[in-house]
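Reading through the structure tokens given below for one structure.
Side chains included, hydrogens not; waters and symmetry mates left out as well; all remaining heavy atoms used.
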Amino acid sequence: MSKNEVRVRFAPSPTGPLHIGGVRTALYNYLFARKNNGKFLLRIEDTDQNRLINGAEKYIIDSLKWCKIQVDEGVSVGGEFGPYKQSERKDVYKKYVFDLIKNNKAYYAFDSNEELNTMRSNLKKEGKAAPQYNSISRSRMKNSLTLSKKEVEERLRRGDKYVIRILIPRNQEIKFKDEIRGWVSVNSNNLDDKVLYKSDGMPTYHLANVVDDYLMKISHVIRGEEWLPSAPLHILLYQYLGWENKTPTFAHLPLILKPDGKGKLSKRDGAKYGFPVFPISWDQNDKSFIGYKEFGFSPDAFNNMLALLGWNPGNENEIFNMNELIENFSLKKVNKSGAKFDFKKTVWFNEQHLKKMSGEEIIENFDSSLLKSFSREYLVSVANLIKERAKFVNEVEVEGKYFFSKPKIYDEKLIKKKWNDDNKFLIKEILFEITNIEVFSANNISKCFNDFLNKKNLNFGEIMPILRVIVSGIKFGPPLNEIFFLLGKKEVISRIKFALNNL
RNA sequence: GGUCCGUUCGUCUAGUGGUUAGGACUCAUGGUUUUCAUCCAUGCAACAGGGGUUCGAUUCCCCUACGGACUACCA
């Protein structure tokens, strides 16, 4: 590994299905890694054992796979800096947290939940808006800074529960340069002595992510804006651990907001606004959510939409496949402000990608029974014909169903209105003309239609819609001559005869 | 409440110390398609407000307003 190699990580916590905000973070990390010939790691941050959800880790891996975001190193693929799951790295964190204690950068705290609550409510009563465990309040709490050395040792010896808190310095400006936002500066008086190490022997996110990022040689931390307020704490931790020169570059991404702009998009918003918020479906216990995949979106369209929500290429192109996204991606072109989610535009992206998909690609999504019953050539032709007027891949099969079987139902309104004796007679006549077409090509069929209409002095609208309906069952679709051509002469004649005899 | 971050058409966004402030989605209208969809054309529509700095600010600075994130032994 070269010294300046770009190494980024996506580090979700397996507390449920990953929603599109998380996927976008993963995507930006991935694009950045590929663009810079770097590595993309997947790390599972499962330090909160209480919130683990069964199947969430698998869901994350499956989601990335569907999005074509390839993991170079991480839980699913391994790598030289593993393990990549924090619950399997407990011993690693222990070492560093005790180093911090030794160097007076952290301390033991023995306060119970009740005592913490009391402290907070007292501070509130005193008019403190944000009650913190900080340089002031810690002097009134039970910790290794207030207790005698002997008592601390005694408590530790007898196995009292404790947490380890970081010792935040007084009145110190902590600043760092964010790739997206520029310099961000916070006074340490606004930080509290965050817990680094929990009483269950697990580190908190703050400690674990800093230690892991350092050990895994992460060069850029690209994550959501919700982490911006705790970034100074992380910066301080790098200093405390003596890794100042190894501090990664930070980039805090703008959030994806609800369509009405009130807050960040959440897992529950899918039901509320009527669009998927998850990449693939999630089905567990009483909870079930449809995914973009199952809704009929293509991964390319999904990525394209996500990428453009907060980033732009600097020109007016909007449609990109993964390689093009990689080619064009830059952190410098990521916006600062949150983006409200717009499902209509998302659908438009899918439509654009569907039109670019080849018939071959589209039929991969067809039901396997169709692939068995029809030739690939036929299915590809159908797909190419239908895709022009579909928005989703899974619509193609449905819209073109009359290519796979005779219509079972016919447009009721039109039949009622137009299927009269005069028109039946005309259909019989046109059937005769169709039967006489020697080479059954789209062009010849079209010519046959036109000649017939001219001869009879009819407008297209007078007879063709009914012809369309008796052959395909529905009023709209691709040009009729194209449909006839694909169906073949024999099938067309048979369908028309069937209608004449049975409708 | 406190801290931090943000603010260009309804939405996603481009952009610059001097522009008719550009594109895309949506919507509307017209054209092509005998249907539907596509496609094409046209239209609607924005620099949050107030102070500075400047010959000149949408652009730079400050304030206000508004919005968001965070404020746990959650990540």
Side-chain angles (χ1 to χ4, degrees), chain A residues 11-15 22 45-48 50-51 86 109 111-113 116 120 124 127-133 161-165 178 180-182 184-187 189-192 194-206 208-209 223-232 252 254-255 257-264 305 308-319 333 335-349 351-352 355 386-391 399 414 449-450 453 458-465 468-469 474-480:
Chain A
S13 113
T15 53
E45 311 223 322
D46 57 348
T47 51
D48 186 349
N50 299 319
R51 295 205 311 154
Q86 292 183 329
D111 316 283
S112 67
N113 279 331
L116 288 171
R120 288 186 184 121
K124 273 199 171 161
K128 266 274 177 206
Q132 290 183 318
Y133 202 114
K161 289 254 178 202
Y162 67 87
V163 299
I164 295 173
R165 287 179 180 273
D178 187 278
I180 294 167
R181 287 150 211 285
V184 176
S185 165
V186 177
N187 188 291
N189 290 349
N190 296 311
L191 265 34
D192 62 352
K194 279 269 180 294
V195 171
L196 298 178
Y197 197 78
K198 300 187 275 191
S199 57
D200 65 357
M202 277 287 204
T204 57
Y205 169 85
H206 301 108
N209 103 88
R223 61 192 353 176
E225 190 186 339
E226 67 266 33
W227 294 111
L228 198 49
S230 53
H252 289 94
L255 265 14
L257 273 17
K258 299 175 195 287
D260 60 19
K262 297 264 179 269
K264 67 174 173 177
M305 171 280 288
L308 272 288
L309 212 53
W311 166 84
N312 76 83
N315 55 45
E316 283 176 358
N317 294 12
E318 290 202 279
I319 303 302
K333 299 295 288 179
N335 279 323
K336 294 178 175 71
S337 48
K340 297 186 189 87
F341 186 73
D342 180 1
F343 188 62
K344 279 194 171 141
K345 184 129 190 189
T346 303
V347 171
W348 177 80
F349 275 114
E351 208 178 334
Q352 300 306 307
K355 290 194 199 330
I386 302 288
K387 74 172 183 188
E388 292 302 324
R389 60 206 71 225
K391 288 183 163 73
E399 292 283 312
L414 194 90
F449 289 166
N450 289 328
L453 294 176
L458 287 170
N459 283 327
F460 208 101
E462 290 176 81
I463 190 67
M464 298 319 262
R468 174 187 289 278
V469 165
I474 51 177
K475 279 194 293 193
F476 21 72
L480 200 50

Seminar exercise, completed: Residue set satisfying ring-ring contact (aromatic ring centres under 6.0 Å, His included) with A/Phe341, at least two apart, ordered chain then number -> A/Phe275
Seminar exercise, completed: In whole angstroms, the gap separating P of B/rC25 from CG of A/Asn317 amounts to 13 Å
Review item, nucleotides 71-75 of chain B N/O atoms under 3.5 Å of protein N/O:
| from | atom 1 | to | atom 2 | distance (Å) |
| --- | --- | --- | --- | --- |
| B/rC73 | OP2 | A/Arg120 | NH2 | 3.4 |
| B/rC73 | OP2 | A/Arg165 | NH2 | 3.4 |
| B/rC73 | O2 | A/Ser199 | N | 2.8 |
| B/rC73 | O2 | A/Ser199 | OG | 2.7 |
| B/rC73 | N3 | A/Ser199 | OG | 2.9 |
| B/rC74 | OP2 | A/Lys198 | NZ | 3.0 |
| B/rC74 | O2' | A/Asp48 | OD2 | 3.1 |
| B/rC74 | O2' | A/Arg51 | NE | 3.2 |
| B/rC74 | O2' | A/Arg51 | NH2 | 3.0 |
| B/rC74 | O2 | A/Arg51 | NH2 | 3.4 |
| B/rA75 | OP1 | A/Thr47 | OG1 | 2.8 |
| B/rA75 | OP1 | A/Lys198 | NZ | 2.8 |
| B/rA75 | OP2 | A/Tyr205 | N | 3.2 |
| B/rA75 | O3' | A/Glu45 | OE1 | 3.2 |
| B/rA75 | O2' | A/Ser13 | OG | 3.4 |

Examine distances only and state if a side-chain atom of [X] and a backbone atom of [Y] form a donor-acceptor pair shorter than 3.5 Å.
X	Y	value
A/Asp178	A/His252	yes
A/Gln132	A/Asn190	yes
A/Asn335	A/Ser337	no

Taking any heavy-atom pair under 4.0 Å as a contact, classify [X]: base, sugar-phosphate, or nothing.
X	answer
A/Thr346	nothing
A/Val184	sugar-phosphate
A/Lys475	base
A/Lys355	sugar-phosphate

Taking the [atom1] atom in each of [N] and [M], what is the distance between them to the nearest angstrom?
N	M	atom1	result
B/rG43	B/rC63	P	42 Å
B/rU8	B/rU58	P	15 Å
B/rG51	B/rA14	P	28 Å
B/rC44	B/rA69	C1'	35 Å
B/rC5	B/rC25	C1'	27 Å
B/rA65	B/rA24	C1'	30 Å

Exercise. Salt bridge (Lys or Arg N to Asp or Glu O under 4.0 Å) with A/Lys161: which residues, sequence neighbours excluded?
Worked result: none
Problem set entry | With A/Ile474 via side-chain contact (heavy atoms from CB on, under 4.5 Å) - residues at least two apart | A/Tyr402, A/Ser472
Seminar exercise, completed: The reported gap from CE in A/Met464 to CG in A/Leu480 (rounded to nearest 0.5 angstrom) is 5.0 Å
Exercise. Which value, rounded to the nearest 0.5 Å, describes the distance between A/Ile319 atom CD1 and A/Gln352 atom CD?
Worked result: 5.0 Å
For this session: Using the closest heavy atom to pick a nucleotide of RNA chain B for each, name whichever of A/Phe449 or A/Asn187 lands nearer the 5' end.
Result: A/Asn187
With the criterion being N/O to N/O and under 3.5 Å, what pairs connect the protein with nucleotides 44-47 of chain B, and how long is each?
none

Between the protein and nucleotides 10-15 of chain B, list the N/O to N/O atom pairs that are separated by less than 3.5 angstrom.
| from | atom 1 | to | atom 2 | distance (Å) |
| --- | --- | --- | --- | --- |
| B/rC12 | OP1 | A/Lys340 | N | 2.9 |
| B/rC12 | O2' | A/Leu308 | O | 3.2 |
| B/rU13 | OP1 | A/Gly310 | N | 2.9 |
| B/rU13 | OP1 | A/Asn335 | ND2 | 3.3 |
| B/rU13 | O5' | A/Asn335 | ND2 | 3.2 |
| B/rU13 | O3' | A/Asn312 | ND2 | 3.1 |
| B/rA14 | OP1 | A/Asn312 | ND2 | 2.4 |
| B/rA14 | OP1 | A/Asn335 | OD1 | 3.4 |
| B/rG15 | OP1 | A/Lys333 | NZ | 2.9 |

For this session: Check the angle between the aromatic planes of A/Trp227 and A/Tyr205 and answer parallel, tilted or perpendicular using the 30° and 60° thresholds.
Result: parallel
For this session: Determine whether A/Met202 and A/Gln86 make a side-chain contact, defined as any pair of heavy atoms from C-beta on separated by less than 4.5 Å.
Result: no
Seminar exercise, completed: The nucleotide from B/rC70, B/rU35, B/rC5 with an atom nearest the side chain of A/Glu225 is B/rC5
Exercise. Looking only at heavy atoms, which two atoms of A/Ser13 and A/Arg51 are closest? And how far apart?
Worked result: OG-NH2, 4.3 Å
Exercise. What is the minimum heavy-atom distance between A/Arg223 and A/Ala231, and which atoms define it?
Worked result: NH1-CB, 4.1 Å
